[in-house]
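Please read the structure below before turning to the comments.
Throughout, residue positions are numbered sequentially from 1 according to the sequence presented.
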Amino acid sequence: MSTATKEAIDLMEILPESEQNFALEFIKKLVLAWDPDFTKLTPAERASLEEAIADEETVLHDDINWD
């Protein structure tokens, strides 16, 4: 977890619950503006994906029987 994430959590915990909900909704809007289709990878997701590919733990699209 990054320092910024930890700091954001600490700041959120200071707020009353009603304001925490407001802040959470704001963060959700920021994420949707940054990645509206949820197709971008976080650094941790990218590392996991690259590790799975290197370990051949992935299934190729053409290897799936879609019928």
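- Residues passing the side chain to side chain contact (heavy atoms under 4.5 Å, CB included) test with Ser2, sequence neighbours excluded: Ala4, Thr5.
- Within the model, atoms CE of Met12 and CD1 of Ile27 stand 5.0 Å from one another, a figure rounded to the nearest 0.5 Å.
- Sequence neighbours left out, not one pair with a member in residues 30-46 passes salt bridge (Lys or Arg N to Asp or Glu O under 4.0 Å).
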Requested in this report: Check the pair Phe22, Leu15 against side chain to side chain contact (heavy atoms under 4.5 Å, CB included), reporting the backbone distance first and the verdict last.
Outcome: CA-CA 10 Å; Phe22 174 80; Leu15 296 172; over 6 Å; no

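- Phe38 and Leu30 are members of different hydrophobic clusters when ILVMFWY side chains are connected at heavy-atom separations under 4.5 Å.
- Residue pairs meeting the salt bridge (Lys or Arg N to Asp or Glu O under 4.0 Å) criterion with at least one partner in residues 15-30, sequence neighbours excluded, are Glu25-Lys28.
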